[in-house]
Chemist: 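The structure that follows is given in the form of structure tokens.
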Amino acid sequence: MDLSCEVVGIKLKNPLILASGIMGTHASLLARAGLAGAGAVTTKSCGPVPRRGHVNPTVVDWGAGLINAVGLPNPGAEAEVQMLCAAKERLTALDVPLIASLFGGTVEEFAQVAETVVGAEPDLIEVNVSCPNVSSELGGDFPPTPFASSCDSAVAVTRAVAVAVAQAVKGSTSRVHREGTAKGGTAPPIAVKLAPNVPNIAEIARGVVSAGADAITAINTMPGMVIDIESGQPVLANKVGGVSGPALKPIAVRCVYEIAQAVDVPIIGTGGVNTGADAIEMIMAGATAVGVGSAVYYRGVEAFSEILDEMTAWLEEHGYESLDEIQGLAHREPAYGVAPSPAPIPSV
Amino acid sequence: MDLSCEVVGIKLKNPLILASGIMGTHASLLARAGLAGAGAVTTKSCGPVPRRGHVNPTVVDWGAGLINAVGLPNPGAEAEVQMLCAAKERLTALDVPLIASLFGGTVEEFAQVAETVVGAEPDLIEVNVSCPNVSSELGGDFPPTPFASSCDSAVAVTRAVAVAVAQAVKGSTSRVHREGTAKGGTAPPIAVKLAPNVPNIAEIARGVVSAGADAITAINTMPGMVIDIESGQPVLANKVGGVSGPALKPIAVRCVYEIAQAVDVPIIGTGGVNTGADAIEMIMAGATAVGVGSAVYYRGVEAFSEILDEMTAWLEEHGYESLDEIQGLAHREPAYGVAPSPAPIPSV
Amino acid sequence: MLSHGQKETRTKVGIHRLPDAALPDAAQIRRVIDENARTKTLVLDASIDATPGQFIMAWLPGFDEKPFSLANDDPVTITVARVGPFTTLLHERGAGLPVRGTQTGDRVWIRGPFGHGFALAGERLLLVGGGYGVAPMGFLARRALKQGCHVTIAVGARTADDLLPGVLGTHGVFGTHPDHAALPFVDLGVELHTTTEDGSGGQQGLVTDAVEPLLAAGEVDTVYACGPHGMLVALDGLCREHGVPAQLSWEAYMRCGLGLCGSCEHDGRLLCVDGPVLAGGADGV
Amino acid sequence: MLSHGQKETRTKVGIHRLPDAALPDAAQIRRVIDENARTKTLVLDASIDATPGQFIMAWLPGFDEKPFSLANDDPVTITVARVGPFTTLLHERGAGLPVRGTQTGDRVWIRGPFGHGFALAGERLLLVGGGYGVAPMGFLARRALKQGCHVTIAVGARTADDLLPGVLGTHGVFGTHPDHAALPFVDLGVELHTTTEDGSGGQQGLVTDAVEPLLAAGEVDTVYACGPHGMLVALDGLCREHGVPAQLSWEAYMRCGLGLCGSCEHDGRLLCVDGPVLAGGADGV
Ligand SMILES: Cc1cc2nc3c(=O)[nH]c(=O)nc-3n(C[C@H](O)[C@H](O)[C@H](O)COP(=O)(O)OP(=O)(O)OC[C@H]3O[C@@H](n4cnc5c(N)ncnc54)[C@H](O)[C@@H]3O)c2cc1C
Ligand SMILES: Cc1cc2nc3c(=O)[nH]c(=O)nc-3n(C[C@H](O)[C@H](O)[C@H](O)COP(=O)(O)OP(=O)(O)OC[C@H]3O[C@@H](n4cnc5c(N)ncnc54)[C@H](O)[C@@H]3O)c2cc1C
Ligand SMILES: Cc1cc2nc3c(=O)[nH]c(=O)nc-3n(C[C@H](O)[C@H](O)[C@H](O)COP(=O)(O)O)c2cc1C
Ligand SMILES: Cc1cc2nc3c(=O)[nH]c(=O)nc-3n(C[C@H](O)[C@H](O)[C@H](O)COP(=O)(O)O)c2cc1C
Ligand code: FES
Ligand code: FES
């Protein structure tokens with residue numbers, strides 16, 4: 001079974017991508033995810049300066065999913081470059097592309113971090129405009145409103161990062177040009193990671209693509225809260241956190257479906273993928289590749305090989321030979337149109 | 001144990017309110033929910049003219065919750081008034097307040113339906129600006145963007161409904177006046193039902209309260225999609241639907257928490273309440289009353305009495321005597337402030 | 001995960017286990033039995049744990065999803081009368097979307113079982129079926145016979161051509177059916193009364209005409225019925241009159257099937273969860 | 001719900017049951033044992049199914065949540081050294097928020113167990129504890145004794161005052177402790193070697209000084225250790241030298257405890273899920 005796929009010119013042996021924030025802090029762990037079967041790996045989001053993150057609890061399992069507010073602890077862009085270089089070396093040997101996730105508190109900070117991490121030559125840059133857990137500290141209000149909340153701010157960040165990456169590489173902002181050089185292996189393409197708590201994610205996707213995003217990652221976590229009734233306190237130290245895992249899946253599938261109808265770039269479909277069936281569902285919704293995060297909690301790092309085995313078995317049994325054959329299938333008209341007999345008007 | 005509460009001057013013997021869209025189509029069913037223990041009941045949302053709704057499947061259980069796109073089938077406002085009158089009679093005998101939910105495709109339609117249903121003298125009017133499953137037919141785009149998606153449109157609807165209700169009753173738009181008359185039993189107060197897929201629900205709550213909302217119902221379902229991989233088709237005939245049940249709870253609790261910080265009106269906290277603990281969590285988040293919807297699937301209509309028993313037992317065991325003592329508890333500062341020892345800067 | 005020393009004395013605050021998903025599941029159609037000109041019985045490659053009287057929802061992806069009584073639970077079997085677009089599609093195609101790869105043949109997606117079925121009570125049971133309402137009666141008869149009950153079946157149809165020989169396995173009576181799934185009841189000593197409106201088969205008249213004398217004779221403990229609304233109303237009345245409890249399977253327009261939407265309201269009850277079988281006759285409210 | 005005829009030959013596409021919630025659970029502190037000036041053992045009114053070497057996360061709502069090794073699982077017992085704000089609060093208050101109503105006393109919220117504990121292997125076990133690393137050793141010794149192993153314990157501390165008599169139940173050696181939870185190991189024939197850096201109790205020196213001759217004598221099948229980083233590194237070396245497998249419990253800064261955040265990285269492994277106990281000595285990588 002050929003599970004390979006291509007995301008903006010980057011070849012992946014399989015579509016499963018370690019999602020940002022999961023094991024993405026150390027070269028050793030990124031390599032381990034690669035060894036465990038991930039088709040590509042994403043680093044923990046990195047900002048301009050070192051951050052400690054929140055005190056505990058930072059992640060809990062509330063039954064139908066996880067909720068987290070880790071608070072983007074990271075060593076800062078300078079130290080991150082070292083880690084990226086070490087990771088890149090180990091991952092190149094494994095033939096596993098490296099995705100560098102980054103965030104900033106301002107548009108300028110995003111650009112600055114992008115410029116710095118480009119130095120480590122990641123295969124793709126993922127712009128996390130959607131973390132729900134820190135923006136109050138990053139200049140926002142409570143409740144947090146990350147950059148992905150509005151088309152304008154998401155576009156501004158995307159454009160600034162696109163310019164910074166292009167300039168860092170060769171002083172050119174032309175997207176065509178960047179793509180050309182990407183093939184030459186120097187200027188990484190950009191994926192922008194969107195948030196689900198917006199009325200119209202498709203509109204934001206259109207905006208960031210026109211601003212220079214080469215791909216979309218959808219979605220980040222959905223803001224939520226779990227309260228411990230014995231103490232009356234929110235469980236997370238940050239009170240509000242992001243819901244991930246099984247509870248997020250239908251939300252993520254819908255977002256991917258809507259984005260796929262709106263734009264023509266590859267989508268890294270992320271949210272609640274725990275099984276081979278989930279990954280296939282996400283690809284049918286329109287994803288080219290599939291982010292895997294919370295599944296590492298539910299199934300261990302073996303999640304990658306297990307999900308791949310499940311996908312392979314299902315595809316073989318159904319006579320498919322590649323992922324292209326199922327990609328976006330849910331957008332195909334059904335064999336029979338909707339039934340012509342409507343439901344009756346309700347009586348009272 | 002005294003579980004009574006008051007929502008905008010309306011006395012409820014307990015805080016559990018049958019959520020809109022659940023059994024709210026017939027006077028007989030509303031009465032049954034009242035008999036089963038509901039503190040108040042909400043009708044299925046009613047629009048200006050009869051609607052058939054979508055073909056099946058309209059509701060499915062996907063494992064961590066339900067997803068539905070029933071498509072707002074309803075008999076139209078004229079017929080609804082008859083149903084409301086019949087329901088009101090039966091519910092008055094049970095001492096269970098009746099909440100009339102309504103929707104429209106335009107601001108004017110909302111006002112028109114409100115004017116009509118006021119005739120049946122419901123105890124509260126709930127304005128459903130947040131149904132995710134029909135707005136494309138109601139003049140919106142795909143993906144659907146209900147009125148609750150933006151502060152401006154939610155405010156416009158709220159204001160129009162407030163004016164319509166006041167005029168229908170006595171030609172006055174003064175809110176103080178309306179409240180006065182509400183106590184006299186003629187002009188019902190208005191609750192506006194908000195949607196979770198917005199970046200800042202607190203801002204929208206502030207808007208609708210300033211426009212005349214006497215209460216907030218939070219939340220409606222979260223848009224999602226479930227795809228059947230065997231056929232490659234979305235399971236719901238409407239493709240996109242609203243997620244409810246356990247998966248929705250942390251999202252709803254967070255929304256209620258944020259709204260409670262922003263406005264000073266009662267909140268009907270709705271989303272994923274399945275147990276006594278869930279209801280207590282919702283009240284601790286800041287809800288005055290608690291909507292119960294999908295639990296009727298998980299536990300049957302006995303959900304009401306069972307949840308009440310669970311609440312009573314918990315409250316008694318913890319020495320509480322009324323709901324006031326726990327209402328909004330999660331907003332109280334913890335006994336000890338956040339630990340002064342921050343997490344370390346991550347190493348690489 | 002944790003268990004607490006004090007838990008025994010502490011209140012269990014509604015710990016409620018999440019159920020497994022109940023999404024439609026694809027099932028192959030293994031065999032199609034032509035019952036009569038407008039009715040086919042579909043035997044699926046699936047089994048389910050159900051009570052006679054319960055129903056499933058059958059989905060044709062992207063098209064529609066409709067309720068059908070179980071004519072058997074292992075293998076899942078439904079008897080479908082062609083009355084409109086969905087049932088026509090089911091008939092024409094066997095069912096389902098064209099299927100790729102190793103799986104051939106047509107499929108139908110099912111979820112369930114839904115609702116409450118017939119409660120077995122008494123020893124001498126009279127089963128009454130009208131139209132495709134006969135379908136669950138074959139299933140019920142098999143269960144009742146297993147429990148040692150004495151079973152009488154009364155079936156009504158417009159003409160002999162409208163009867164459902166495959167479901168009932170009544171080849172000895174209506175001619176041998178070459179391909180039927182059900183037990184030959186007659187061989188098992190089930191008493192079968194047949195009525196047709198035109199007299200083309202069995203007794204001429206309505207099924208109630210065959211039922212009334214049986215009730216009057218006082219030899220029926222419980223009546224079980226499924227069929228058109230009018231038949232059920234008439235039977236309900238007859239059973240009240242004769243003081244016989246009845247279990248009647250009603251129909252209403254099903255949307256959610258989950259007890260939420262209110263579409264199937266019937267006298268303050270929701271047929272999808274409280275029914276479709278409701279107590280009637282002497283047990284009626 | 002449905003079971004399909006073809007399911008046996010069909011691939012199970014990762015049907016994955018949702019787990020129960022693993023949220024912090026409130027537990028009453030039943031008893032506090034003063035171990036030494038800066039260490040207390042808290043016995044909670046909760047039980048848990050755990051392996052020695054596993055840990056729990058203890059939460060004080062709104063304040064912080066921190067990892068502690070289990071000193072016992074039934075009742076849940078932890079031994080806490082006061083080193084900073086969280087452990088100070090645990091000590092001072094017993095723990096937790098003031099509690100209303102019928103529940104009196106202080107509480108601590110726990111979730112777990114987390115990680116992998118010690119794997120029992122061999123017959124002659126040497127357990128080595130430094131500082132509060134002695135805590136899980138009492139738990140492990142009880143399990144090992146139950147399995148019929150021969151158990152030797154070596155504990156190291158700076159001074160005699162830093163030893164943990166309550167955990168070890170070593171009242172026969174260090175004076176009778178009025179209120180201890182654990183078994184009196186000495187009475188059970190456990191050989192106890194004690195070292196203190198200043199010689200104020202047991203042998204003077206580091207715990208490794210007591211361990212080396214035991215390893216050299218070739219009478220140890222496996223070494224189990226928990227304690228400061230330096231002690232573990234030294235033991236790992238000694239065990240390699242003498243060809244003895246070791247099970248070493250390491251520490252790292254724990255955030256999530258769930259194998260996600262990467263905070264507890266240790267040589268490419270995540271101590272919260274792969275550890276805290278890792279194979280070392282002759283079994284090391
Ligand atoms: C509990 C129950 C059990 C049933 N069992 C059987 C059975 O064993 N065999 C069988 O042939 N039919 C059965 N039916 C009826 C069957 O569901 C309808 O015949 C079918 O839905 C018609 O769909 P259609 O598109 O072919 O026709 P349409 O043109 O859509 O409808 C024809 C008629 O069928 C009925 N109907 C349509 N949709 C529904 C619906 N969603 N729920 C209920 N009734 C509907 C209405 O009376 C309608 O007027 C059952 C119905 C219920 C409620
Ligand atoms: C697997 C494991 C088991 C442990 N078992 C015990 C035990 O049985 N008894 C005991 O007293 N202590 C134990 N600890 C250490 C205990 O978690 C820390 O002492 C405690 O967190 C200190 O918190 P504080 O606020 O009092 O001090 P702080 O001032 O916050 O920290 C003091 C020191 O404690 C350590 N520490 C703080 N927070 C953490 C954390 N989240 N994870 C890991 N280490 C941290 C750091 O080394 C820090 O420098 C264990 C740690 C781990 C990782
Ligand atoms: C503990 C944790 C930490 C996360 N940290 C980040 C992060 O730093 N940057 C980011 O873009 N997303 C982060 N995410 C979001 C995930 O990358 C992913 O979008 C989300 O969890 C949904 O996928 P899942 O359901 O597979 O976990 C984090 C998620 C979790 C659970
Ligand atoms: C089948 C179904 C139909 C619904 N119909 C409506 C509706 O007509 N109007 C409305 O405001 N909300 C409707 N809702 C939303 C519920 O009122 C409620 O806000 C939501 O389901 C979350 O609560 P729950 O998790 O308790 O179900 C519907 C929900 C379901 C499951
Ligand atoms: S069909 Fe929806 S309640 Fe019965
Ligand atoms: S503490 Fe988060 S991975 Fe171990």
Side-chain angles (χ1 to χ4, degrees), chain A residues 25-26 50-55 62-65 67 73-75 79-80 82-83 143 145 149-150 196-200 202 222-227 229 232-234 237 240 243 246-247 250-251 253-254 257-258 277 280-281 284-285 326 329-330 332 334 338-339 342-348, chain B residues 25-26 50 52-55 62-65 67 73-75 79-80 82-83 143 145 149-150 196-200 202 222-227 229 231-234 237 240 243 246-247 250-251 253-254 257-258 277 280-281 284-285 326 329-330 332 334 338-339 342-348:
Chain A
T25 50
H26 295 76
R51 270 178 70 90
R52 295 176 184 278
H54 303 311
V55 304
W62 52 273
I67 188 163
N74 77 92
E80 183 81 355
Q82 292 166 42
M83 193 280 276
T145 47
S149 299
S150 89
N197 54 323
V198 295
N200 190 338
M222 177 74 194
M225 178 183 283
V226 172
I227 295 168
I229 64 172
Q233 285 295 310
V240 171
V243 170
I251 301 171
V253 166
R254 186 262 310 167
Y257 185 93
E258 289 176 355
I280 288 165
E281 183 178 2
M284 286 183 171
I326 62 163
L329 206 63
R332 203 158 70 178
V338 175
I345 299 284
S347 64
V348 290
Chain B
T25 49
H26 295 75
R52 297 176 183 278
H54 303 312
V55 304
W62 52 273
I67 188 163
N74 77 92
E80 182 81 353
Q82 293 165 43
M83 193 280 275
T145 46
S149 300
S150 90
N197 53 323
V198 295
N200 191 338
M222 176 74 193
M225 177 182 285
V226 172
I227 296 168
I229 63 171
S231 63
Q233 285 294 312
V240 172
V243 171
I251 301 171
V253 167
R254 187 260 312 168
Y257 185 93
E258 289 176 355
I280 287 166
E281 183 178 1
M284 286 183 171
I326 61 162
L329 206 63
R332 201 157 74 177
V338 174
I345 299 285
S347 64
V348 290

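Atom set for the values below is all heavy atoms of this structure, side chains included, hydrogens, waters and symmetry mates excluded.
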Chemist: Side chain, backbone, both or neither: which part of Val226(B) has a non-hydrogen atom closer than 4.5 Å to chain A?
Modeler: both

Chemist: Who among Ile67(A), Ile227(A), Val338(A), Leu329(A) has the most heavy-atom pairs with chain B under 4.5 Å?
Modeler: Ile227(A)

Chemist: May I ask you to name which of Asn74(A), Val253(A), Thr25(A), Val198(A) has the most heavy-atom pairs under 4.5 Å with chain B?
Modeler: Val198(A)

Chemist: Which atoms of Ala343(B) are under 4.5 Å from chain A, going by heavy atoms: the side chain, the backbone, both sets, or neither?
Modeler: both

Chemist: Taking the side chain as everything from C-beta on, heavy atoms only, tell me whether Arg254(A) gets closer than 4.5 Å to Val243(B).
Modeler: no

Chemist: Identify the heavy atoms of Pro75(B) and Ile345(A) that sit nearest to each other, and give their distance.
Modeler: CA-CG2, 4.2 Å

Chemist: If you count heavy-atom pairs within less than 4.5 Å of chain A, which of Gly224(B), Pro344(B), Gly53(B) leads?
Modeler: Gly224(B)

Chemist: Does some side-chain heavy atom of Met222(B) sit less than 4.5 Å from a side-chain heavy atom of Pro250(A)?
Modeler: no

Chemist: Which heavy atom in Val55(B) sits nearest to a heavy atom in Pro342(A), and how many Å separate them?
Modeler: CG1-CA, 4.4 Å

Chemist: For Ile326(A), what residues pass the side chain to side chain contact (heavy atoms under 4.5 Å, CB included) criterion, not counting sequence neighbours?
Modeler: Ile280(A), Ile283(A), Met284(A), Leu315(A), Tyr320(A), Leu323(A)

Chemist: If you take all heavy atoms of Pro196(B) and Asn197(A), which pair is closest and at what distance?
Modeler: O-CB, 4.4 Å

Chemist: What residue among Pro199(B), Pro223(B), Ser150(B) forms side-chain contact (heavy atoms from CB on, under 4.5 Å) with Pro199(A)?
Modeler: Pro199(B)

Chemist: Give, for atom CD1 of Ile251(A) and atom CE of Met225(B), the distance between the pair rounded to the nearest 0.5 Å.
Modeler: 13.0 Å

Chemist: Between Pro346(A) and Pro50(B), is there a side-chain heavy-atom distance shorter than 4.5 Å?
Modeler: no

Chemist: With sequence neighbours left out, what residues match Glu80(A) under side-chain hydrogen bond (donor to acceptor under 3.5 Å, both in side chains)?
Modeler: none

